[in-house]
Amino acid sequence: MGQKARVVSEALYSDVSRAQSDPIGAPRVRFAPSPTGYLHVGSARTALFNWLFARRHRGVFILRIEDTDAERNREEWVDGIFSALSWLGLEPDEGPYRQSERGELYAAAIEKLVSAGKVYACDCTRDEVLRRTKQATTPGYDRYCRDRGLAPGPGRLLRFRVPDEGNVVVRDLIRGDVEFACSSIEDFALTKSTGAPLFVLANVVDDIEMRITHVIRGEDLLPSAPKNVLVWNALGGPELPVFAHLPILVNERRQKLSKRRDPVSVDLYRDQGYLSSAFCNYLALLGWSPPGGEEIMQIEQLVSSFDLEDVSHSPAFFDVRKLTHFNGEHLRAMAGEEFVSTCLPWLAGLVTQSRSLEVDAFRQLAPLVQERVSTLAEVPEMVGFLFVDLPEVKEVAWEKVMRSPVSKAILDAAASAYRCCDWAKEPIREATLQIAENAGMKLAKAQAPIRVAVTGATVGLPLFESLEVLGRAKTLERISAAFERMGAENIVLENAEPENTANTGPEPASGVAPV
RNA sequence: GCCCCCAUCGUCUAGUGGCCUAGGACGCCACCCUUUCAAGGUGGUAGCACGGGUUCGAAUCCCGUUGGGGGUACCA
């Protein structure tokens, strides 16, 4: 942050601290999305920063739907935004306001600007403007209608009369003062030719009316900030708001996240099993870093340490791998019961018999699941073996460990040992260890065929705990099913004696892969 | 084209002139732990875009270059 920015922010922060003891001066911020059907991750980050700032300084977080464009205004388009915000826990203190319901305000503002001569009517068609722009000296619109004295009316849009000289200074908490020469700003349109208000107008009218103190938004809006300032002053608004233009979020090609090729909908992450707390945590660290350095934080910690002056300047890449790591951390930080109830909806598709029985089985293994998953979506696969009659054995798993006489011998031994041992984790482990020793193998290697027979996979939850919860009957049933399949595949049983691999040729021992 | 913003490991970042031999986190690699897989622990990998200044001293301040990005609608 440059020297200028620091000076500016110090001045503003003294304002803020004054505001804390004076509710009338408390910061008022707004998140102002347009209806898009879903919440974009970049928008979510903007909403989060606004919300955090408001919470941190005991201010007010306002939600305003910028739906002045009638063609893009459908009710379901806003519902998606509401539900995503609510999932994230970013509930507004005021609103939602809808610009489509605030037409009188804009009409009054237009009236005011017209009578003050701040705007003028223009009846140029887009083609005409485009054609003339090419040889014009001014940027954009060539001011053709500026002095024609056209009366406002149907078919004529209203343009802002940008001063010929001077600069517009945008005070930005993150970037310092940004100056724009008036000569580089075109006479922009404030209304459509139908008279309908455009974004630049409605946005400023509402910010004034809602007494917004801090405009926190994406950097892509920085070029429109000088226009906002111009209109604000023309409207005779009170003290200008302070801007804070957040660095944008980019993809791996360093371009603004696009809905066409990047996964940008917040819903997508919710549906993939990410926790809103982890999502907010990760989003907060995109462009901001906590003074302490500790990255894994709950929402309350975010609120207590957040500040706009710690926001960085450069675009940030949305890295789903780091998000996933954060999610795992948040999952593991949950209380056991909370983790169980959070998982339940993800298990709904697996329920076969008695729900309470299955929930109970899941609850027993949940602590082991909890430290192994990084998204909720991984849960069903991990415990699926509990809820079926016979597991679906993955072919690669079968190929890898079951095509061996040694494996068949282990299953054979396990079948008899498991028939009589006490059915609990420890005795099962003891019995299995005995089998391994008899076969001259490590426990790690010997448990593999049992795991495949019982769960269908080479990796999974700790085996003996899994067997205990599964129950003796199902365990034996699965082992014998695997045993029979091996018979059908002409895998012969051999002695469970310790073998001398040097003499038995290349086949047997190497047939069991360590898993 | 014009206007504006930005520039530290692959990524997110700490760094506000000496504490920097540049710190942390994700990822990756190795080892430890271990009933598989994770988790956890330990260690490692890798960076100040370039060129000029200012200064006793620059990742840090200034200028320029280069590179990247955003904006440029009767969308928001």
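All chains are named by letter (A, B, ...) in the order of the sequence lines, taking the proteins before the strands, and each is independently numbered beginning at 1. Predicted, not measured: the structure shown is a model, and the values here were computed from it.
Side-chain contact between A/L246 and A/W288: absent, with no pair of heavy atoms (C-beta onward) separated by less than 4.5 Å. Counting heavy atoms from C-beta on, the side chains of A/L467 and A/W423 come closer than 4.5 Å.
Atom P of nucleotide B/C5 and atom CD1 of A/I174 are separated by 14 Å, given to the nearest angstrom. Nucleotide B/C37 holds its P atom 17 Å from the CZ atom of A/F385, rounded to whole Å. In this structure, A/L365 atom CG and B/C37 atom C1' are separated by 14 Å, rounded to whole Å. One atom, NE2 of A/H313, and another, P of B/U13, lie 11 Å apart when rounded to the nearest Å. If you measure from atom OH of A/Y282 to atom P of B/G27, you get 12 Å, rounded to the nearest angstrom.
Distances were taken from every side-chain heavy atom of A/E329 (C-beta onward) to each of B/U36, B/C4, B/G40; the shortest belongs to B/G40.
Among the heavy atoms of the strands, none lies under 4.0 Å from A/I185. A/S312 comes within 4.0 angstrom of the backbone, heavy atoms only, and of no base. Backbone-only contact: A/F180 has heavy atoms under 4.0 Å from sugar-phosphate atoms and none from a base. Among the atoms of the strands shown, only primed sugar atoms or phosphate atoms (P, OP1, OP2) are found under 4.0 Å from some heavy atom of A/G287.
Atom name C1', nucleotides B/A22 and B/U8: the rounded distance is 8 Å, in whole Å. For the P atom pair drawn from B/G43 and B/A25, the interatomic distance equals 10 Å after rounding to whole Å. Atom C1' of B/G15 sits at a distance of 39 Å from the matching atom of B/C37, rounded to the whole Å. Going from the P atom of B/G23 to that of B/G68 covers 30 Å, rounded to whole Å. B/C32 and B/A49 have their P atoms separated by 39 Å, with the value rounded to a whole Å. Atom name P, nucleotides B/A59 and B/G1: the rounded distance is 34 Å, in whole Å. B/U21 and B/G27: their C1' atoms are spaced 25 Å apart (whole Å). Using atom P as the reference point in both B/A14 and B/A7, the two lie 10 Å apart (nearest Å).
Each of A/S314 and A/D319 was matched to the nucleotide of RNA chain B holding its nearest heavy atom; the match closer to the 5' end belongs to A/S314. Along RNA chain B, the nucleotide closest to A/M382 and the one closest to A/L323 are compared, and the more 5′ of them pairs with A/L323.
Across all strands shown, B/A49 pairs with B/U65; the Watson-Crick or G-U wobble distances both stay below 3.5 Å. B/C2 is paired with B/G71 under the Watson-Crick or G-U wobble criterion, all donor-acceptor distances under 3.5 Å. When both pairing distances are held under 3.5 Å, B/A39 makes no Watson-Crick or G-U pair with any nucleotide shown.
Contact annotation: A/S289 side-chain N/O to B/A14 OP1/OP2 distance is under 4.0 Å. A close approach under 4.0 Å does not occur between any side-chain nitrogen or oxygen of A/R175 and OP1 or OP2 of B/C5. For B/A38, the OP1/OP2 oxygens have no side-chain nitrogen or oxygen of A/R332 closer than 4.0 Å.
A/A377 meets the side chain to side chain contact (heavy atoms under 4.5 Å, CB included) test with A/W346, A/T375; sequence neighbours excluded. Applying the side chain to side chain contact (heavy atoms under 4.5 Å, CB included) test to A/E219 and every residue at least two apart in sequence or in another chain returns A/R175, A/P247, A/I248.
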(Q) For nucleotides 65-75 of chain B, give me one character per nucleotide, 5' to 3': B if any protein heavy atom sits under 4.0 Å from the base, S if the only such contacts are to the sugar-phosphate, - if neither. (A) ----SBS--BB
Q: Take A/H214 and A/L173 through the side chain to side chain contact (heavy atoms under 4.5 Å, CB included) test and state the conclusion after the steps.
A: CA-CA 9 Å; A/H214 297 73; A/L173 226 36; 4.2 Å; yes
Q) For A/S374 and A/E378, what are the C-alpha separation, side-chain angles and deciding distance, and is it a side chain to side chain donor-acceptor pair (under 3.5 Å)? A) CA-CA 7 Å; A/S374 53; A/E378 296 165 23; 3.0 Å; yes
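Between the side chain of A/R321 and the base of B/C26, no donor-acceptor pair of N or O atoms lies under 3.5 Å. Side-chain atoms of A/E295 and base atoms of B/G24 include a donor and an acceptor less than 3.5 Å apart.
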